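Structure below; questions to follow.
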Amino acid sequence: MEQRQFESRKRYVAAIIIGTIAFIIVFAASYALSYFELQRVSNLQTGVGYDIFEDKLDYSFFGISPCNTSSFEKVSRDLAFQGRIIDDLENKMGKQDSGVLLRKKFYSLIEIEHFDFLKTFNQQCRQKHNTILFFYSNDDSEASASEEAGRILGVVHNRYEKNLTIYSFDIDLASDLVNKLEAKYNVTDSEAPVVIINEKTMVKLPVNIGEIEKHLM
Amino acid sequence: MEFVTIVIYLSVYMGLISTSFYIMSFIAGEKKKKPLYTDKELVNVKVTVIIPAYNEEDTIEKTVKSVVKSRYPNFEVIVVDDGSKDKTFEIAKRLETADGKVRVFHKENGGKGTALNFGIKKASGKIIFTMDADTTVHPDSMKKMVRFFKDDTVMSVTPAMVINNPRTIFQRIQYTEYALGLFLRKAFSALRAIYIAPGAFSAYRKAFFDKYGGYDEHNITEDLEMGLRIQYNGFHTENCPEAPAYTNAPATFKELTMQRRRWYFGQVRNLWKYRKIISRKYGDLGAFVIPTSILATLFSVTITIYLFFKILFKVKENILFLQSVNFDFPSAFNINLYVLERFLFLWITKPVVLFTLCFMVILGFYTFYASKKIGKPPLMLLNWMLFFLLFAIMYGFWWVFSLFYSLTRKTIKWK
């Protein structure tokens, strides 16, 4: 049989160029959407941070009662919402993405501010709002157990939504604030995941919802 | 990056390149003028339609009548009853005509290939149509297809295969699959790279059978073997999307899986038999069309196997998780607006999802082309959605199943 001619060699070159451009455009669009989401989180964080600082100043500087539950609930909701978005972004853009890490650091700062404000709120307003400090790790050896514990805490949060705030901290995050928090509650890096309930009880490696629920008020 | 992610992106990248290539080839093919027989010339080109039948008492009459109604000027019909156990022969015999336009023969059961070869020996036409006994044809289809035989290198012409009256989910999926095939077949014809002629209805130049022999009687996909044999010997197959032929499709998943097992198993064997085609010597067919088709199948099989195990592990993981929260389903799967919003964000920003949307647009364009050629079926959107949701999974499954089968067993029967 005779050698069969190619219909057009130029067409192959054109197809490779078009295919490559389409491939790159889709990846760029996907990255752009994630980037816009990161920008949105950044704006949200500023707003929530401002609200918490304002409430704290109202009480500590201006002497206004912190017992306005609607404002407290709104800030708590916003904080929880932000936590979830950061979690999504971490999955999307990678756990080592510098933009996400920066947001996480800022988020940890706001969480501690909120935690501090909640303690004041409980004391001054005679409330019994539960708190859980959740120390997790993204390190390969502990990530799976941390994710599992995170899912269990998600269910606990759904059950006690009105009377519980969960603060999550990445112990591998290079943050002095988180390190100081770990030291304050005697958490060591090798122990993740660890849960501190109402500042009193430490539960290491929770595997069942009952281990956490029995310590809640 | 996981191995399977690399496989997925490689298959997407290859899909984008081949889609661009086929669209450009399609456009180039549309511009090219092909030599075609005129109405006057067709009078001298006698056609023989061979209908092998085995236990087709429900459909044989409709099939023969649809051919008889054909507006082709010079043709005969040969029905070969392949040892049916029902009334196929008696029904077909009633349709026989005194002028010899419709002739009916009976032979011992030996398989489709033997029945077709029996018919070829009896045929007096220059062009042979092979037709399944459950297929019907548009009155103008034969005329439109035979015109392409003016080109001496054309040894076969394929029609626009259409699923007849799709009712079940699986028939609707096949309807879209066949409709999408119309575009690709046209692009392949522009590249002279069609290597599959549908067994349900295709036309062949009798001279090819005379020179290179009839159907391989031991082959379970004798139509595919013939398509490859034509290409192997340096000839090619044309396509006529304006010539519809309507065939009955398997209605259940089991029937469909059995059909695909036969097809894919046969495809592997025939491609192996004609493996020399996969070379630059065969131009676009050997250097691009068949290699990309093989690669796409390998990618699909890899992804299907991976997804199967991933789903299995995910189920196990979720059972363990539910156990850890005392099977509190409402709290564990608390679907609210936030969850939906985040779900949408996570999905829309996945490159794979964006690529899927791109391919949906491309397939939408293919479907539009098909509806221009064969008309718009009722509930076209439903057919299309079902295809998009289920075909890729089923395609991977059929291939895994067929490969597993071909590795563990040796033979599959046609009927």
Side-chain angles (χ1 to χ4, degrees), chain A residues 1-23 25-37 40 77 80-81 84-85 87-89 91-93 144 147-149 151-161 206-211 213, chain B residues 9 12-25 28-29 32 190-193 231-236 276 280-288 317-318 320-326 328 330-334 336 338-339 342-343 345-346 348-355 357-358:
Chain A
M1 200 202 89
E2 277 177 34
Q3 167 93 32
R4 201 182 282 186
Q5 293 299 310
F6 284 87
E7 280 295 313
S8 162
R9 285 178 193 274
K10 277 183 193 165
R11 205 180 294 158
Y12 283 101
V13 177
I16 290 170
I17 292 170
I18 294 170
T20 307
I21 290 172
F23 196 71
I25 285 176
V26 169
F27 267 99
S30 157
Y31 188 81
L33 284 170
S34 300
Y35 179 76
F36 291 137
E37 192 66 358
R40 193 164 79 100
R77 264 201 315 272
F81 179 63
R84 287 173 181 181
I85 298 179
D87 197 34
D88 292 344
L89 283 172
N91 288 329
K92 183 97 250 148
M93 302 177 83
S144 161
E147 273 171 29
E148 208 49 44
R151 285 186 83 184
I152 294 173
L153 283 173
V155 176
V156 177
H157 184 260
N158 287 338
R159 283 187 180 181
Y160 296 84
E161 205 170 354
V207 290
N208 190 283
I209 196 162
E211 293 173 60
E213 279 188 324
Chain B
Y9 287 132
V12 165
Y13 185 54
M14 194 186 77
L16 287 171
I17 291 174
S18 46
T19 302
S20 317
F21 182 70
Y22 291 141
I23 290 176
M24 285 188 281
S25 301
K32 215 185 248 176
L191 297 164
R192 298 164 81 89
Q231 290 284 359
Y232 185 75
N233 287 295
F235 302 105
H236 81 280
K276 283 185 182 164
R280 290 166 58 86
K281 196 181 158 193
Y282 284 85
D284 299 291
L285 174 74
F288 187 77
E317 201 180 287
N318 273 308
L320 288 174
F321 164 66
L322 281 168
Q323 200 178 15
S324 69
V325 296
N326 305 331
D328 180 359
S331 301
F333 301 106
N334 181 20
N336 52 37
Y338 162 76
V339 173
R342 301 317 302 158
F343 178 80
F345 165 72
L346 283 178
I348 286 172
T349 53
K350 270 183 198 289
V352 169
V353 176
L354 293 178
F355 282 126
L357 291 174
C358 286

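Basis for what follows: all heavy atoms, side chains included, without hydrogens, waters or symmetry-related copies. Naming convention: chains lettered A, B, ... in sequence-line order (proteins, then strands); numbering from 1 in each chain. Every value quoted in this text rests on a predicted model; they were computed, and no experiment measured them.
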For Val26(A) against Cys358(B), the heavy-atom pair lying closest together = CG2-SG, 3.9 Å
key: Contact class of Gln3(A) relative to chain B, heavy atoms under 4.5 angstrom   = both
ask   = Using non-hydrogen atoms only, which part of Tyr9(B) is less than 4.5 Å away from chain A: side chain, backbone, both, or neither?
value = both
message = So which atom in Phe235(B) and which in Arg4(A) form the shortest heavy-atom distance, rounded to 0.1 Å?
response = O-NH2, 3.4 Å
Test side-chain contact (heavy atoms from CB on, under 4.5 Å) applied to Val325(B) and Val155(A), Asn208(A), Asn158(A), the passing residue = Val155(A)
Among Glu161(A), His157(A), Glu213(A), Glu7(A), residue most engaged with chain B (heavy-atom pairs, under 4.5 Å) = Glu7(A)
Under 4.5 Å from a heavy atom of chain A, the part of Lys276(B) involved = neither
key: Among Gly15(B), Ala193(B), Ala332(B), Pro351(B), residue most engaged with chain A (heavy-atom pairs, under 4.5 Å)   = Pro351(B)
task = Can you label the angle between the Tyr12(A) ring and the Phe288(B) ring as parallel, tilted or perpendicular, going by 30° and 60°?
result = perpendicular
task = Under 4.5 Å heavy-atom distance to chain B, tell me which part of Ala32(A) shows up: side chain, backbone, both or neither.
result = neither
query = Looking at side-chain heavy atoms only, is the closest gap between Asp284(B) and Arg11(A) below 4.5 Å?
reply = no
Any side-chain heavy-atom pair of Glu317(B) and Glu147(A) under 4.5 Å = no
query = Does Tyr35(A) OH have over 12 foreign heavy atoms under 6.0 Å away?
reply = no
message = Counting C-beta onward and ignoring hydrogens, is there a side-chain heavy-atom pair between Gln5(A) and Arg192(B) closer than 4.5 Å?
response = no
key: Heavy-atom closest contact (Arg159(A) atom, Ser331(B) atom, distance)   = CG-OG, 3.5 Å
Val207(A) versus chain B, the contacting section by heavy-atom distance below 4.5 Å = backbone
request  = Locate the shortest heavy-atom distance separating Ser34(A) from Thr349(B); write the atom from each residue and the value.
outcome  = OG-CB, 3.9 Å
query = What part of Ala190(B) lies closer than 4.5 angstrom to a heavy atom of chain A: side chain, backbone, both or neither?
reply = backbone
query = Side chain, backbone, both or neither: which part of Ile17(A) has a heavy atom under 4.5 Å from chain B?
reply = neither
query = Given a strict heavy-atom distance threshold of 4.5 Å, which part of Ile348(B) is in contact with chain A: side chain, backbone, both, or neither?
reply = both
message = At a heavy-atom distance under 4.5 Å, which candidate from Phe21(B), Tyr282(B), Tyr232(B) has the highest pair count against chain A?
response = Phe21(B)
query = Between Phe23(A) and Val12(B), what is the shortest heavy-atom contact and its length?
reply = CE1-CG1, 4.1 Å
Check: Glu148(A) and Leu320(B) side chains under 4.5 Å, non-hydrogen atoms = no
inquiry  = If I take atom CD1 from residue Ile18(A) and atom CG from residue Leu16(B), how far apart are they, to the nearest 0.5 angstrom?
reply    = 10.5 Å
key: Contact origin within Ser25(B) toward chain A - heavy atom pairs under 4.5 Å   = both
task = Using a cut-off of under 4.5 Å on heavy-atom pairs, state which of Leu354(B), Asn233(B), Ile23(B), Leu285(B) scores highest against chain A.
result = Leu354(B)
query = Of the backbone (N, CA, C, O) and the side chain (C-beta and beyond), which part of Arg9(A) lies under 4.5 Å from a heavy atom of chain B, both, or neither?
reply = side chain
query = Just wondering, do Phe6(A) and Leu191(B) contact through their side chains at under 4.5 Å, heavy atoms?
reply = no
message = For chain B, which candidate among Ala15(A), Ser8(A), Gly154(A) shows the most heavy-atom pairs at distances under 4.5 Å?
response = Ala15(A)
